[in-house]
There are 2 protein chains.
Amino acid sequence: MSENQSLFKALADPTRRQILKALKNGSMNAGDLSELFPISKGSLSHHFNLLKKADLVKTRRNGQQIIYSLNTSVFEDVTTLLLDLFKAGENAEDGEQNEI
Amino acid sequence: MSENQSLFKALADPTRRQILKALKNGSMNAGDLSELFPISKGSLSHHFNLLKKADLVKTRRNGQQIIYSLNTSVFEDVTTLLLDLFKAGENAEDGEQNEI
DNA sequence: AGTATATTTTGATATTTGTCAAAATATCAA
DNA sequence: TTGATATTTTGACAAATATCAAAATATACT
């Protein structure tokens, strides 16, 4: 799957958007995150995985825990992609046409 | 489906993003759009419908043709939603918390 | 080594999504 | 009104997705 596609797909699920929102003000481990959602830890882990593949979150391990945090640098990418979708005259330069 | 959800879902498909991109520099009718894509007109019409529900495109009829154009005002909404997802300290105001 | 805790992975399943072909609808033009 | 063109709608189907329970993995503690 293309990089952009995995990014848009990752944003298309409400649970994943809630996860991002929960991480806005600081990192959280998987267990604490799981208490915010009424789904199994397995399902949540699946969502973490998609967010990670889309480069929307970073992880580090601290002992038994996996700590998730936002990868805010991707935000700029999303903005660029949206501009590319909507704004006439703001096309990607030749040869670096953004994949849509 | 919530307004935001239909918006994110609509953006999650590559064909639909291509449609938006094709409309960036001006409106097009359904038939001309269909020549840009290797899928049936029925399938394309389905995509048009989702884009319309997400308020990403507007339509008008001109005789037998349906003319699609971008609804650029929604671009601001998307930007707001993304800020709400990523930027700490830029939360929606109380009582008008953005649905995610 | 053995047990407990945190998290991910796997396999199964129900739902959603994108697609096509064919039927239906709308408009135009003779 | 009849026929042609443009588009949407419908019904069927395959592929993708979200979910769960259970098994597997990784780390910590005694």
Side-chain angles (χ1 to χ4, degrees), chain A residues 1-23 26-70 99-100, chain B residues 1-23 26-70 99-100:
Chain A
M1 187 154 54
S2 94
E3 203 176 320
N4 293 340
Q5 179 60 7
S6 60
L7 183 53
F8 280 112
K9 283 274 188 185
L11 291 171
D13 180 85
T15 298
R16 289 193 290 272
R17 292 198 302 279
Q18 292 279 14
I19 293 169
L20 293 176
K21 208 168 174 179
L23 293 175
S27 50
M28 292 180 75
N29 64 49
D32 287 350
L33 277 167
S34 88
E35 292 180 7
L36 304 178
F37 298 92
I39 64 179
S40 73
K41 297 189 185 207
S43 299
L44 212 47
S45 187
H46 161 71
H47 288 303
F48 293 154
N49 194 245
L50 294 181
L51 289 170
K52 206 156 45 173
K53 278 184 180 157
D55 216 30
L56 283 161
V57 300
K58 295 174 293 190
T59 60
R60 65 189 166 89
R61 179 179 277 277
N62 184 12
Q64 287 157 288
Q65 303 178 330
I66 308 274
I67 300 178
Y68 286 88
S69 57
L70 273 194
E99 221 178 314
I100 289 293
Chain B
M1 186 153 54
S2 94
E3 202 176 321
N4 293 340
Q5 179 59 7
S6 60
L7 182 53
F8 280 113
K9 283 273 188 185
L11 291 171
D13 180 84
T15 299
R16 289 193 291 271
R17 292 198 302 278
Q18 292 278 14
I19 293 169
L20 293 176
K21 208 168 175 180
L23 293 175
S27 49
M28 293 180 75
N29 64 49
D32 288 349
L33 276 167
S34 88
E35 292 180 6
L36 304 178
F37 299 92
I39 63 179
S40 73
K41 297 188 186 208
S43 299
L44 213 46
S45 188
H46 162 70
H47 288 304
F48 294 153
N49 194 245
L50 294 180
L51 289 169
K52 207 157 45 174
K53 279 185 179 156
D55 215 29
L56 283 161
V57 300
K58 295 174 293 191
T59 60
R60 66 189 165 89
R61 178 179 278 279
N62 184 12
Q64 287 158 286
Q65 303 178 331
I66 307 274
I67 300 178
Y68 287 88
S69 57
L70 273 193
E99 221 178 314
I100 290 293

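Every chain is numbered from 1, with letters handed out A, B, ... down the list of sequences. Since the structure is predicted, the reported quantities are computational estimates derived from the model, not experimental observations.
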Atom [atom1] of [X] and atom [atom2] of [N]: how far apart are they, to the nearest Å?
X: D32(B); N: dA6(D); atom1: CG; atom2: P; result: 10 Å
X: I66(A); N: dA26(D); atom1: CD1; atom2: P; result: 11 Å
X: H46(A); N: dT8(C); atom1: NE2; atom2: C1'; result: 13 Å
X: M28(B); N: dA6(D); atom1: CE; atom2: C1'; result: 15 Å
X: E35(A); N: dT7(C); atom1: CD; atom2: P; result: 10 Å

What contact category does [X] fall into here, base, sugar-phosphate, or nothing, at under 4.0 angstrom with non-hydrogen atoms?
X: L50(A); result: sugar-phosphate
X: H47(B); result: sugar-phosphate
X: G31(B); result: sugar-phosphate
X: F37(B); result: nothing

Give a yes/no answer on whether the side chain of [X] brings an N or O atom under 4.0 Å of OP1 or OP2 in [N].
X: S40(A); N: dA21(D); answer: no
X: R16(A); N: dA18(D); answer: yes
X: N29(A); N: dT7(C); answer: yes

Nearest to side-chain heavy atoms of [X], which nucleotide of [options]:
X: I39(B); options: dT8(C), dT8(D), dT19(C); result: dT19(C)
X: K9(A); options: dT8(C), dT17(D), dG18(C); result: dT17(D)
X: F48(A); options: dT8(C), dT7(C), dT9(D); result: dT8(C)

(message) Determine whether K53(A) and N49(A) satisfy the following criterion, side-chain contact (heavy atoms from CB on, under 4.5 Å), listing intermediate values before the conclusion.
(response) CA-CA 6 Å; K53(A) 278 184 180 157; N49(A) 194 245; 3.5 Å; yes
(message) Both K41(A) and M1(A) contact DNA chain D. Taking the nearest nucleotide for each, which residue is further toward the 5' end?
(response)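 Going by which nucleotide is closer to the 5' end, it is M1(A).
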(message) Taking the nucleotide of DNA chain D with the nearest heavy atom to each, does N62(A) or T15(A) sit closer to the 5' end?
(response) T15(A)
(message) Given 3.5 Å as the limit, does a donor-acceptor pair link the side chain of N62(A) with the main chain of Q65(A), or not?
(response)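 Flag not set: sc N62(A) to bb Q65(A) has no pair under 3.5 Å.
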(request) Sort out for me which residue in L44(A), L11(A), L51(A) forms a side-chain contact (heavy atoms from CB on, under 4.5 Å) with R16(A). (result)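 Filter result, single survivor: L51(A).
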(request) Can you measure from CD1 (I19(A)) to NE2 (H47(A)) and round to the nearest 0.5 angstrom? (result)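 I19(A) atom CD1 to H47(A) atom NE2 measures 6.0 Å (nearest 0.5 Å).
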(request) Look through every strand shown and name the nucleotide pairing with dA30(C) as Watson-Crick or G-U wobble, where both distances are under 3.5 Å. (result)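 Pairing partner, where one exists within any strand: dT1(D).
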(message) Reading DNA chain C from 5' onward, which residue's closest nucleotide shows up sooner: Q64(A) or T59(A)?
(response)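 Mapping each residue to its closest nucleotide by heavy atoms, the 5'-most match is Q64(A).
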